[in-house]
2 protein chains.
Amino acid sequence: MKLSTKGRYSVTAMLDLAIHDKAGPVTLGDISQCQGISLSYLEQLFSSLRKAGLVKGVRGPGGGYRLAQPASEISIAQIVRAVDEKVDVTNCNGEGDCQGGERCLTHELWTDLSDRLYEFLDGITLAQFVDRPGIPELSMERDKSIGRFMLARKQAEAINRGRV
Amino acid sequence: MKLSTKGRYSVTAMLDLAIHDKAGPVTLGDISQCQGISLSYLEQLFSSLRKAGLVKGVRGPGGGYRLAQPASEISIAQIVRAVDEKVDVTNCNGEGDCQGGERCLTHELWTDLSDRLYEFLDGITLAQFVDRPGIPELSMERDKSIGRFMLARKQAEAINRGRV
DNA sequence: AAATACTTGACTATTTTACTAGGTAATAGG
DNA sequence: CCTATTACCTAGTAAAATAGTCAAGTATTT
């Protein structure tokens, strides 16, 4: 288990998607502005997320990304795993024979710990964060005041198009 | 919360200390050989661990490092925290005013998650790993067969000195 | 005095992270 | 059909963090 900025960016971006899921796709440009990360870097991350089946892209105007599954079925562990690909914990090159044929005990213990961590993070879903009391209102307030979020923007656009 | 090889090395090294705690100090040279990390790099990590009050060094012949506290009182979180110093999650430079005065909601959510992770890792102590059935025997067997561990070495030395 | 072990700081190599720039493909709206 | 908007893809590259080295110490114990 590894946990770097890459994982953090991905999780926060996914949270953004989850928060605005009902309002339609979120563009990477929006996330890029919010989180202060470059667009292309986000594209790299979302490429991984898409390949992992966690998000799906919607092309064209009004497009962006949405969750590929309900927020209640996407765990933090899945996200972390998608972008921070496997670390080879054992310097014995995976085959468990570091130091002359014996698997290093502490490596085994670390693997145990790593498993436990994943288990823990597998129990936490995006929905658990988004569905908390207070979050939806907060997010909407934020959207309004900053004026650059999908929810607000899409609504405005929809109104302009006479859809609402 | 960040989790890199630095943290992993430290945790596995601490596990080594915990396993051999009763047998006396463990030298960094031994750990270096076992884990395949350079001695000086370990010295850096142990400098942090010592400053965090997790280990204490014993100088002179037969010296090395031992746990500064009982294994049951050292949590994984403490170790990770000691070497992977604080990450500034918010790119708003800690003051919570990213993007024009409003704290980015997703950053807050990430902080929550991070806290939960630390809580989780604070609940796991070195002792929980070391005291598991099967571990002491395994470790001793390993020591014997590799023939370079403190437990074996110290015992041999003690015998040579007529102490046992 | 010698061996052993820890300390410190400066230095280098490697990897990861992050960004830049160039595109192509699909789609919605006019 | 045309244009703007977005996803998507590829390659290169700059910056930063990580990982590791080297060398010259200091402190203890035998």
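Scope of the values below: all heavy atoms of this structure, side chains included, with no hydrogens, waters or symmetry mates. Chain A is the first sequence line, chain B the second, and so forth, proteins listed ahead of strands; every chain is numbered from 1.
- Close to dA21(C), at under 4.0 Å from its OP1 or OP2, lies no side-chain N or O of S40(A).
- Across all strands, Y65(B) comes closer than 4.0 Å only to sugar-phosphate atoms, never to a base (heavy-atom distances).
- Look at OH on Y9(B): it is 12 Å from P on dT15(C), rounded to the nearest Å.
- Looking at E43(B), its side chain has no donor and acceptor atom pair within 3.5 Å of the base of dC6(C).
- For T27(B) against dC6(C), a side-chain-to-base donor-acceptor contact under 3.5 Å is absent.
- Within the 4.5 Å cutoff, the side chain of K51(B) has no heavy atoms near those of the F46(B) side chain.
- Residue L28(A) is classed as a sugar-phosphate contact, given heavy-atom separations below 4.0 Å to backbone atoms only.
- Here dT17(C) presents its P atom at 11 Å from CG of L3(A), a figure rounded to the nearest Å.
- Following rounding to the nearest Å, F46(B) (CZ) and dT8(C) (P) show an atom-to-atom distance of 15 Å.
- Using a 4.5 Å cut-off on side-chain heavy atoms (C-beta onward), L67(A) and I74(A) make contact.
- Distance, L39(B) CG to dT7(C) C1': 11 Å, rounded to whole Å.
- Taking only side-chain atoms of P61(B), from C-beta outward, the nucleotide of dA3(C), dC19(C), dG20(D) with the closest atom is dA3(C).
- Of the candidates dA10(C), dC19(C), dC9(D), dA10(C) carries the atom nearest the Q44(B) side chain, counting heavy atoms from C-beta on.
- In this structure, V26(A) and R66(A) have side chains that are not in contact, with every pair of non-hydrogen atoms separated by 4.5 Å or more.
- Residues S4(B) and D84(B) form a side-chain contact, since some pair of their non-hydrogen atoms from C-beta on lies under 4.5 Å apart.
- At a threshold of 4.0 angstrom between heavy atoms, the contacts of G64(B) are confined to the sugar-phosphate backbone, with no base atom among them.
- Contact between the side-chain N/O atoms of Y41(B) and the OP1/OP2 oxygens of dG20(D) is not found at any separation under 4.0 Å.
- The shortest distance between side-chain heavy atoms of I19(B) and L126(B) does not fall below 4.5 Å.
- Regarding contacts with the backbone of dT17(C), a side-chain N or O of S4(A) is found under 4.0 angstrom from either OP1 or OP2.
- A salt bridge links R81(B) to D122(B): one of the charged nitrogens lies within less than 4.0 Å of a carboxylate oxygen.
- Distance alone, capped at 3.5 Å, places no donor-acceptor pair between the S32(B) side chain and the L28(B) backbone.
- Remark: T12(A) engages Q35(A) in a side chain to side chain donor-acceptor pair (under 3.5 Å) (not counting sequence neighbours).
- One interatomic measurement links the two molecules: CG of D30(B) to P of dC6(C), which rounds to 10 Å at whole-angstrom precision.
- As a whole-Å value, the separation of I31(A) CD1 from dT6(D) C1' is 13 Å.
- Atom NZ in K2(B) sits roughly 14 Å away from atom P in dT16(C) (whole-Å rounding).
- Atom CZ in R8(A) sits roughly 8 Å away from atom P in dA18(C) (whole-Å rounding).
- Between G60(A) and K6(A), the residue anchored closer to the 5' end of DNA chain C is K6(A), taking for each the nucleotide with the nearest heavy atom.
- Near DNA chain C, meaning a heavy atom under 4.0 Å away, the residues from residues 49-59 of chain A are R59(A).
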